Amino acid sequence: MAVENIWIFDVAHPLYTGSSGENICLLGLDSEGNVVELNSHFDDYFFVLKKQGSEKVIGEVVREFPGVMVDEVVRKLFGKDVVLYRVSGDAEVLRRIRDVLRRRLGEENLFEDDIRDTIKYMVDNQVSPCTWYRVNAIDVGVYSGIKIFSLKGLEPLDTDLGYPPLKVLAIDMVVVSKLGEPDPKRDPINYIVLYDGNDYYEYLGDRGDLELIKALNRDFSRLNPNVVVSFAGNSFIWPYLLARGKRLGIGIGLGMGGQEIHQSLYGHFSFFGRINIDLKEYVDDNPIFERKTLEELAGYVGIDYPEKSIDVFGYPLYWERNRDYLINYVKWRVRAIYAVFWELIDQIFGLSSVTGIPPDYVLTASSGRQAEHYIIKMSRKRGELVPKVLGRRARSYPGGLVLTPKKGLHENIAVIDFKSMYPSIIMKYNVSPDTIVKEAGEGVEFFSELGVGVRRDVRGILPDIVENLVRERDEVRRLMRSISRESPMYRILDSKQRILKILANTMYGYMGWLGARWYSFEGASLITFLGRRIIKESIEKARELGLNIVYGDTDSVFIGYDEDKVREFLDWINSSLGMEAKIDKLYRRVLFTEAKKRYAGLTVDDKIDIVGLEYVRRDWCELARALQYRVLKLLLEGASRNRLLDEFRDVVNRVRSGDFSIDEVVIWEQITRDLSEYKANAPHIAVARLLSSRGWRIRKGMFIGYVIVKGEGPLYKRAVHYLDATPEVVDKEYYIKNQLLPVVARVLEPIGVSDKVLFSIAEAVGTGLDRFFR
DNA sequence: TGGGGCCGGGG
DNA sequence: GTGTACGGCCCCA
């Protein structure tokens, strides 16, 4: 018997079960960094609702499949007790019996038959990945470099040991084709590079990529990494390698013991005994990244990036003409990928440990799935069945309230913000799929304007979960105060508290998501309804107090800062509404256009905030965005009208004289659907279609950069891919009138500068008449 | 000239 | 494949 500390990172089916009957395993690392496999036995199961007719069917089916166990049990479904048959047994038999029962009783009468055994094993035993456990196990031996144990018991460790020693390997790949998109049936891999923190391992496909893959397989076994990290591995590198291997008749044996990699849940790729991290998935659903590039991610974590990056559309040309530069660039990429992983390790492993999703696909899972996994984990403690997603139709409901701003420049404005408004509403009003009712009655708080009520006699699952998240976050933050800000543990805890906050904020959106197991249309509608009511009542009170309200959106109000009255206002919110609000920001000056969700301000600590305006939008060119920023900054800092106009005049002048680079005039737009689904002739779609005709596969999520060139007709006929354009062919007049002028007009109009003035400047600059308009 | 398609960002 | 509200461009009738 051995007792060891093990950092669990995955759950799987063991490679070799032998005669032990062990059919499931936890994978982990010991404190020396050895991979361990902890085998045990787990009978998979599902539930069948006990009702008229199901007893007879169950009886028949059980006789037909000996070895299956059936027990009558009670569980909760949306808070109500239900009687069920728990059917359990060997995985193979269980699958067959499940199919028969689905057919005979209807899918809606079976529960948890749609959850994988590995997940059930983890949640039933309350095991979380990326967490240390004190493990009691019997040593079985070593196989393929993995220490195999028979698991006897485990309990979470109180003290956090950080991470075990991890061998991390970054990978990147180059494949080019003369015909655009590389095709694994046709195009060999040109180049792969690995980086382990010290050395590069390079593989050239010059003598065919069969040799390349053989060498790669060999080196993976030799280097034996615990973590394989890439940027777009799951969407490009791994599927390409697999398809290429299939073509060449060679396996992609990058798992431990040469196990082949395979595609798994949500489209991620599994490597036996290793953690596969794709950092592209991290940037893709993080709104702070505009273009979703590795360069942005590197910049975000403070890593230098090259002056000249290469877009995949440019790879073929570089491979042909400037191969050394491309290879150097790809070597920078693996270095950056490696370094970024270490910067994000706490976020990735923290998310995995909190949600219970193994690190392999915690980034692949959408935020809805992450939230759901956490709920499943928590539902076990309440004896709640995991509900199913069956037969739903999309419906929409009203959201937050947005006030029309008072146009113009305002001084001394306070932004009052409700603390976590929707999570607070969920907790305070007990809004949850299992508490929502549609009729008034005993123990029900009913909202007749909406025709929806909530039970107050039972605590709902989501309010319970949100409360847990808030409590746990408070504990983590308390812990943080007792340790040094410089310690690694501080960073781990900081990531954790952020994750807990994000999860709490996700629960409202989750409840309104059509694909959610705990979906509640009425619940989500009630939350926004209560949010609107709260903000309306607050505004009314603020008016009563004589505060000047200039704007408001969902959970915030912008008011003239009168310290005493604001204090009184906040107290009132607390005592009368039972909600918490705070001063989120103080602006020396704020500029509102007539439009909602678009403004800019200068805070008391001299920060420029720009919200919704073109400056923050990637579908405006860099030249226009930078100009708007400068004009806004000057305006908010009190510059004269002439000074602002000069700023505009200078850029117009630059453009007219051709003093700009292509990068400054590129407009980036995302492809959000399959090309064939587009009905409109928009510029970026026209360019995407052209690329497509050149053989490029245009995927959802890709960014198309284009410029408008001189010529006749609608814009979509004059949009050119940025790599095909030079400054000489750019339509300067388009950029002056449709990019530079509008962004300046937008922010100067509220202070009384007319379009006409700007238009005259735009017309006159460079023609010798511009001085006339000063 | 106004409505629809489309995109991106706000809270 | 978390929600809704919103503005503004471009195209087209």
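Just so it is clear, the model here is predicted, and its values are computed rather than measured.
Out of C/dT2, C/dC11, C/dT4, the shortest distance to the side chain of A/Ser367 is found at C/dT2. When each of C/dC11, C/dC6, C/dG8 is scored by its nearest atom to the side-chain atoms of A/Arg746, the top-ranked nucleotide is C/dG8. The A/Pro742 side chain lies nearest to C/dC9 when the options are C/dC12, C/dC9, C/dG1. Looking at the side chain of A/Thr672, the nearest of the listed nucleotides C/dC11, B/dG8, B/dC7 is B/dC7. Proximity note for A/Arg598 (side chain, C-beta onward) versus C/dC11, C/dG8, C/dC6: the nearest is C/dG8. When distances are taken from the side chain of A/Lys679 to each of C/dC6, B/dG5, C/dC12, the shortest belongs to B/dG5. Among B/dG10, C/dT2, B/dC6, the nucleotide with an atom closest to any side-chain atom of A/Trp513 is C/dT2. The side chain of A/Asp619 lies closest to B/dG8, out of C/dC10, B/dG8, B/dG10. Nearest to the side-chain atoms of A/Ser366 among the listed nucleotides B/dC7, C/dG7, C/dG1 stands C/dG1. The nucleotide whose nearest atom lies closest to any side-chain atom of A/Val616 is, among B/dC6, B/dG10, C/dC10, B/dG10.
Contacts of A/Arg532 with the nucleic acid, taken as non-hydrogen atoms under 4.0 Å apart, are absent. As judged by a 4.0 angstrom heavy-atom cut-off over every strand, A/Gly509 is placed among the base-contacting residues. A/Thr528 comes within 4.0 angstrom of no nucleic acid atom, judged by non-hydrogen atoms across all strands. As judged by a 4.0 angstrom heavy-atom cut-off over every strand, A/Tyr734 is placed among residues touching the sugar-phosphate backbone only. Contacts of A/Gly612 with the nucleic acid, taken as non-hydrogen atoms under 4.0 Å apart, involve only primed sugar atoms and P, OP1 or OP2. Within 4.0 Å (heavy atoms only), A/Tyr422 reaches no atom of the nucleic acid at all. Residue A/Gln670 is in sugar-phosphate contact alone, with no base atom involved, counting any heavy-atom pair closer than 4.0 Å across all strands shown. Nucleic acid contact for A/Ala595: sugar-phosphate only, since backbone atoms but no base atoms lie under 4.0 Å from a heavy atom of the residue. Counting non-hydrogen atoms under 4.0 angstrom, A/Trp620 reaches the backbone sugars and phosphates but no base. In this structure, A/Pro287 reaches neither bases nor backbone, as no heavy-atom distance under 4.0 Å exists between it and the strands shown. Counting non-hydrogen atoms under 4.0 angstrom, A/Tyr519 reaches nothing in the nucleic acid.
Between A/Asp674 and A/Lys700 there is no salt bridge, since no side-chain N of the basic residue sits under 4.0 Å from a carboxylate O of the acidic one.
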Inset, instruction - Could you check A/Asp360 against A/His268 for side chain to side chain contact (heavy atoms under 4.5 Å, CB included), going step by step and ending with a plain yes or no? - result: CA-CA 8 Å; A/Asp360 240 29; A/His268 82 285; 3.6 Å; yes
Inset, instruction - Give the intermediate values and the outcome of side chain to side chain donor-acceptor pair (under 3.5 Å) for residues A/Thr364 and A/Glu281. - result: CA-CA 6 Å; A/Thr364 316; A/Glu281 291 167 344; 3.0 Å; yes
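The aromatic ring centroids of A/Tyr510 and A/Trp518 lie 6.0 Å or more from each other.
Comparing A/Asn505 and A/Ala680, the nucleotide of DNA chain C nearest to each residue sits closer to the 5' end for A/Asn505.
An OP1 or OP2 oxygen of B/dC7 is reached within less than 4.0 angstrom by a side-chain nitrogen or oxygen of A/His684. The phosphate of C/dG8 has neither OP1 nor OP2 within less than 4.0 Å of any side-chain N or O from A/Arg617. Between A/Tyr599 and C/dC6 there is no side-chain polar atom (N or O) within less than 4.0 angstrom of OP1 or OP2.
Applying the ring-ring contact (aromatic ring centres under 6.0 Å, His included) test between A/Tyr722 and each of A/Tyr706, A/Trp668, A/Phe703 identifies A/Trp668 as the sole match.
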